[in-house]
2 protein chains.
Amino acid sequence: MRPTKRDELVQKALTVFYQNGFHATGMDTLVKQTGISKTSMYKHFRTKEELILAALRLRDEKFRNWLCRRMEELADTPKDQLVAMFDALDEWFKEPGYKGCMFVKASSEYQDASHPIHMQCADHKRLLERHITGLAEKAGISDPGQIARRLLLLKEGAIVTSHLGLADNPAGEAKLAAIDLLQAAAR
Amino acid sequence: MRPTKRDELVQKALTVFYQNGFHATGMDTLVKQTGISKTSMYKHFRTKEELILAALRLRDEKFRNWLCRRMEELADTPKDQLVAMFDALDEWFKEPGYKGCMFVKASSEYQDASHPIHMQCADHKRLLERHITGLAEKAGISDPGQIARRLLLLKEGAIVTSHLGLADNPAGEAKLAAIDLLQAAAR
DNA sequence: TTCAAACTGTACCGATCTGTAATCTTTTAC
DNA sequence: GTAAAAGATTACAGATCGGTACAGTTTGAA
């Protein structure tokens, strides 16, 4: 059980898929970009789809970990952490090579709701919703599920908007809207 | 100037691209699904990309027309029309064959900001923002641009959320959030 | 009726797609 | 030191990709 080479493949494939898209990235491109032979790839994963699923699994883990940690670092109270989500998103949007949400893109290319890739994208979003709902509970908000879903609407909107380059500061605007929504929920 | 056959092609191609995706839809599939010969296609459009651009152009026109008209039908005052946008979205989400926003999907497959397809997707969103901002002006809101962008964040979030099947009623939840945001803006 | 434009069908091009086979080299474990 | 596992290389299969060539058919207007 030496997972290093396999993990290296998944990590590098993740980057290429994120930058290039899924259908647009062929296995030969992957060989070139990762330096890993096609034979090895197909020993670890029986199909391209399985490799994509593994890449999405890694992305889910890394992204959720990063976002949750960053929210904790940026604020102390649960309520402030909810607001700080948009500060974290702003940092993400400004990263070089930012290309939107990997799961939105994957579910755009594999649209059928019964497709494994589509389902895994939905899982990612659900796990995030659970965490945000938990924070809203700790913040003592009366309907934590509702405020969590509202904040996540703003989050998804900000991601799409920033990827399309439609606003100067979508994360900042979403943050101000989130503050207003939190205030409205407290009344 | 007989646009019938060409328009028929664009209309049918639009449907296939929307349901199947862009890279995933080959020209041979298009021949089968539209009943139009490949020769004719390539007489009207020099490349697949040009056909996609024409399909997106049609989609932009049809969708914006539909949404703006529906908002007017569903409410009388400009402010109520802004809220009614989410009722219209709800109708859209419930249509059979609903598969999310065509422009989000197109910009997900053609990610580069300088790509013509990506740029046309951004144009669509900008035209919509202009209209919503105009409505917010008519409603007498002090910062119409801000409220328009906030409502559109909710809209994009609701579209993504509904496509992924994450909530029972994303349009309804976005609508309630929009009402709170409008109230906060009036204070 | 005639003639040109528009359209169809079919066959094809070279490139690329996912995935496999066979052979050779490197790494790892005992 | 040696056997076995893992990886690299190359070539290739069969299908599909975007796009073209060419000959035949339908359509519409004068």
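Nothing here was measured: the structure is a model prediction, and the numbers come from that model.
- Regarding B/D28, its CG atom lies at a distance of 11 Å from the C1' atom of D/dA15, rounded to whole Å.
- Ion pairing of B/R57 with B/D60 is absent here, as no side-chain N (NZ or NE/NH1/NH2) approaches a carboxylate O to less than 4.0 Å.
- Taking side-chain N and O atoms only, A/T39 has no distance below 4.0 Å to OP1 or OP2 of C/dT20.
- Taking atom NZ on B/K32 and atom P on C/dT10, their separation rounds to 13 Å, with Å as the unit.
- Across the protein-nucleic acid pair, A/K43 atom NZ and C/dA22 atom P stand 16 Å apart, rounded to whole Å.
- Of the charged side-chain nitrogens involved, at least one lies within less than 4.0 Å of a carboxylate oxygen, so that B/E156 and B/K125 count as a salt-bridged pair.
- Position along DNA chain D of the nearest nucleotide to B/K48 versus A/S37 favours A/S37 as the more 5'-ward residue.
- Comparing C/dT8, C/dT18, D/dG7 by their closest approach to the side chain of A/K5 singles out D/dG7.
- Atom CD in A/E8 sits roughly 16 Å away from atom P in D/dA6 (whole-Å rounding).
- For B/H44 and D/dG19, the NE2 to C1' distance is 16 Å, given to the nearest whole Å.
- Residue-to-nucleotide proximity on DNA chain C shows that, of A/T29 and A/R46, the 5′-proximal contact is made by A/T29.
- For B/H118 and B/F103, the ring centers sit 6.0 Å or farther from each other.
- Note: NZ (B/K38) to P (C/dC13) measures 14 Å, nearest angstrom.
- The residues A/K32 and A/D28 are annotated as not salt-bridged, no charged nitrogen and carboxylate oxygen being separated by less than 4.0 angstrom.
- Atoms CD (A/E109) and P (C/dC17) sit 14 Å apart, rounded to a whole Å.
- When rounded to the nearest whole Å, the span between CE of A/M27 and P of D/dA11 equals 20 Å.
- An OP1 or OP2 oxygen of C/dC17 is reached within less than 4.0 angstrom by no side-chain nitrogen or oxygen of A/H23.
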